[in-house]
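The following block contains the structure, expressed as structure tokens.
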Amino acid sequence: MTRYPLRSQLWHFIFAGMALPGNNTRSFLIPSFLYSSSYTSFSSAKILDDPTAPASLSPPTAFSNFMIQAPKEKIQMFSPAYYTACTVGGILSCGLTHTALTPLDLVKCNMQIDPAKYKNISSGFGILFKEQGIRGFFRGWVPTLLGYSAQGAGKMGLYEFFKKNYSDLAGPENASKYKTLIYLAGSASAEAIADVALCPFEAVKVRVQTQPGFARGLSDGLPKLIKSEGVLGLYKGIVPLWGRQIPYTMMKFASFENTVEMIYKHAIPTPKEECSSSLQLGVSFAGGYIAGILCAIVSHPADNLVSFLNNAQGATVGDAVKKLGMWGLFTRGLPLRIVMIGTLTGAQWGIYDSFKVFVGLPTTGGSPPTAQSAK
């Protein structure tokens, strides 16, 4: 058994390459024709300068001198490659889902900022379509994609890292006994770091979506925001963002882990290890949707604060509370956010666990956190 020290794991987690080991039937994000059983050198002259080379070379022939060794071993649990796989899964699950829900997010933000104009969901979509057309529904999609991809990398990858190491610190007995505390601590630690990457993109996104004419997107919105408020202005909303995202993520992971465990314990008579991959992924989606509803309720007041502060230059939390009121802080835009976050979280867990299954890893949840060392 090989033990990976905490500092060494984190170092490799950050800098690990993207070529993960898997079995020889999986190519992991790289076209299968680029794989070979051994490493060979690349000779561009042979492909580009050989006048006798056939015009219609097949990929295996054309790239025979530029091959990557085919993966032969399964990913070891809790190894650097494992955390890298979880990081890539987080990028896909969070970046793609948030981007797909940009129209809903756009209406939600405008309902929070200007409730007199955007009174409800249907009228909000109608106003946006009338004023900006179909393209207006996806305004701010670039900062959304990049920001939540970066956040997803940290959120998912670091959660797995912290959960494993907090379980090791607690020991096998306490890891099982206080599993929910480990879920909460691991997710809070991961989200606090992930939000540092998200915050600048979120600031630009809110301005682009709620202030017509401010900027077309990230490329012109980011320099404009830095010029008007400085680099620190990009992090003006970091505390409210932590207030929104950390409780959200703690609820997301703790409720998901416990919900999935209860589903396997009480609703499915077959042990998880004997269930088909499709059934396990269905459980992941169901557990994710339930967790998403709870997440939306817990984090909604802070979500209103983030939208308000990023929209109004020089505004404070006190200004937001005064204008929105406590009732508005907790309820404005909540029904739409419940639908949005429920769907979003369910889809995220489905995509994330689908990717884990694709690279040969088990789905998330279904058993207490392990305190065993990496093998």
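Predicted model only: the values in this text are computed from it and were never measured. Hydrogens, waters and symmetry mates are skipped; everything else that's a heavy atom, side chains included, is used. Here, residue 1 is the first one in the sequence, and each next residue gets the next number.
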*So with a 6.0 Å cut-off around CD of Glu131, is the heavy-atom count from everything else above 12?*
yes
*Is any side-chain N of the basic residue among Lys163 and Glu257 closer than 4.0 Å to the acidic one's carboxylate O?*
yes
_Reported NE2-to-CD distance for the pair His266 and Glu261, which is rounded to 0.5 angstrom_ =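 His266 NE2 to Glu261 CD: 8.5 Å, rounded to 0.5 Å.
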_Met111-Val339 co-clustered via ILVMFWY side chain contacts under 4.5 Å_ =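 In one cluster: no.
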_With a 6.0 Å cut-off (strictly less than), is the heavy-atom count around NZ of Lys224, excluding the residue itself, greater than 12?_
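Buried by this count: over 12 neighbours within 6.0 Å.
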*How long is the span from the CG atom in Leu234 to the CZ atom in Phe201, to the nearest 0.5 Å?*
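Output value for this atom pair is 9.5 Å.
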*Determine, using the 4.5 Å side-chain heavy-atom cutoff (strictly less than), whether Ile121 and Leu128 are members of one ILVMFWY cluster.*
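They do share one cluster, since a chain of ILVMFWY contacts under 4.5 Å joins Ile121 to Leu128.
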*With a 4.5 Å limit on heavy-atom distance, are the side chains of Tyr83 and Phe78 in contact?*
yes
*Could you go through the side-chain contact (heavy atoms from CB on, under 4.5 Å) check for Gln151 and Gln245 one step at a time?*
CA-CA 10 Å; Gln151 185 220 33; Gln245 290 298 132; 2.9 Å; yes
*Test side-chain contact (heavy atoms from CB on, under 4.5 Å) applied to Tyr148 and Glu202, step by step*: CA-CA 9 Å; Tyr148 283 95; Glu202 183 76 1; 3.0 Å; yes
_Sidechain-backbone polar pair: Thr343 side chain, Met340 backbone, donor-acceptor under 3.5 Å_ =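 Answer holds: no.
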*Same cluster for Leu279 and Ile290 if Ile/Leu/Val/Met/Phe/Trp/Tyr side chains link at under 4.5 Å?*
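No; tracing contacts between hydrophobic side chains, which count when under 4.5 Å, never links both residues.
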_Short side-chain donor-acceptor distance under 3.5 Å, Thr97 and Tyr352_ =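 No donor-acceptor contact under 3.5 Å links the two side chains.
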*For the residue pair Ile182 and Ala175, what are the closest heavy atoms and their distance?*
CD1-CA, 3.5 Å
_Could you report the tightest heavy-atom contact between Pro143 and Leu218, atom names first, then the distance?_
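Closest pair (atom of Pro143, atom of Leu218, distance): CD-CB, 3.9 Å.
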*Might you work through the side-chain contact (heavy atoms from CB on, under 4.5 Å) test for Trp141 and Gln209, ending with a clear yes or no?*
CA-CA 9 Å; Trp141 73 269; Gln209 291 182 336; over 6 Å; no
_Atom of Ala190, atom of Gly154 and distance for their closest heavy-atom approach_ =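 Taking Ala190 first and Gly154 second, the nearest heavy atoms are CB-O, 3.9 Å.
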_Steps toward side-chain contact (heavy atoms from CB on, under 4.5 Å) verdict (Asn110, Val107)_ = CA-CA 5 Å; Asn110 280 282; Val107 173; 6.0 Å; no
*Please report the shortest heavy-atom distance between Met156 and Ser93, naming the atom on each side.*
CE-OG, 4.0 Å
*What is the ring orientation for Trp349 with Phe256, classed by angle as parallel under 30°, tilted 30 to 60°, or perpendicular over 60°?*
parallel
_As an exercise, state the distance from CD1 of Ile246 to OG of Ser299, rounded to the nearest 0.5 Å._
12.0 Å
_For a quick check under 3.5 Å, do Tyr159 and Thr249 share a side-chain donor-acceptor pair by atom type?_
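No donor-acceptor contact under 3.5 Å links the two side chains.
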*About how many Å separate CD of Gln76 and CG of Leu361, when rounded to the nearest 0.5 Å?*
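That separation rounds to 11.0 Å.
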*Can you tell me if Asn258 uses its side chain to pair, donor with acceptor, with the backbone of Ala254 under 3.5 Å?*
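Checked: pair present.
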*Using modelled atom types only, decide if a donor and an acceptor are shared between the side chain of Asp220 and the backbone of Ala215 within a distance under 3.5 Å.*
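Side chain of Asp220 to backbone of Ala215: no pair is present.
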*Under 3.5 Å, is there a donor-acceptor pair between the side chain of Tyr235 and the main chain of Val196?*
yes
*Tell me, do Arg244 and Asp195 make a side-chain contact under 4.5 Å, heavy atoms counted?*
no
*Using the rule that two of Ile, Leu, Val, Met, Phe, Trp, Tyr join whenever any of their side-chain heavy atoms come within less than 4.5 Å, decide whether Val231 and Ile238 are in one cluster.*
yes
_For the backbone of Gly90 and the side chain of Lys155, can you confirm whether one donor and one acceptor N or O come within less than 3.5 Å of each other?_
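Flag not set: sc Lys155 to bb Gly90 has no pair under 3.5 Å.
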*What about the rings of Phe137 and Phe125, do their centers lie closer together than 6.0 Å?*
yes
*Using the ring of each side chain (for Trp, its six-membered ring), is Phe358 parallel, tilted or perpendicular to Phe355, with breaks at 30° and 60°?*
tilted
*Nearest 0.5 Å, what's the CD-CD1 distance between Gln280 and Ile268?*
8.5 Å
*May I ask you to test the Lys272-Val283 pair for a side-chain heavy-atom distance under 4.5 Å?*
no
*Please name the pair of heavy atoms, one in Thr363 and one in Ser284, separated by the smallest distance, quoted to 0.1 Å.*
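Distance-wise, the nearest heavy atoms are CB-OG, 4.2 Å.
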*Is there side-chain contact between Lys252 and Tyr183, with at least one heavy-atom pair below 4.5 Å?*
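No, side chains not in contact.
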*From Leu222 CG over to Lys205 NZ, what is the distance, rounded to the nearest 0.5 angstrom?*
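With rounding to 0.5 Å, CG (Leu222) is 15.0 Å from NZ (Lys205).
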*Please walk me through it: do Lys322 and Asp319 pass salt bridge (Lys or Arg N to Asp or Glu O under 4.0 Å)?*
CA-CA 5 Å; Lys322 183 177 180 180; Asp319 295 333; over 6 Å; no
*Say whether Val208 and Ile226 are linked into one hydrophobic cluster, either directly or through other cluster members, by side-chain heavy-atom distances under 4.5 angstrom.*
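Per the 4.5 Å side-chain linkage, Val208 and Ile226 are co-clustered.
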*What do the steps show when you test Thr259 against Tyr289 for side chain to side chain donor-acceptor pair (under 3.5 Å), and what is the final call?*
CA-CA 10 Å; Thr259 299; Tyr289 204 99; over 6 Å; no
*With a 4.5 Å limit on heavy-atom distance, are the side chains of Thr87 and Glu160 in contact?*
no
*Measure the shortest side-chain to side-chain distance between Phe308 and Pro240 over non-hydrogen atoms and say whether it is less than 4.5 angstrom.*
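When only atoms from C-beta onward are counted, Pro240 and Phe308 do not touch, as no gap falls below 4.5 Å.
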*Compute whether any side-chain donor of one residue and acceptor of the other, for Thr364 and Lys356, lie under 3.5 angstrom apart.*
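The answer is yes; a qualifying pair exists.
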*asked:* For Arg332, is there any backbone N or O sitting under 3.5 Å from a side-chain donor or acceptor partner on His300?
replied: yes
*Non-hydrogen atoms of Ala267 and Pro269 that approach each other most closely*: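 Of all heavy-atom pairs spanning Ala267 and Pro269, the closest is O-CD, 3.8 Å.
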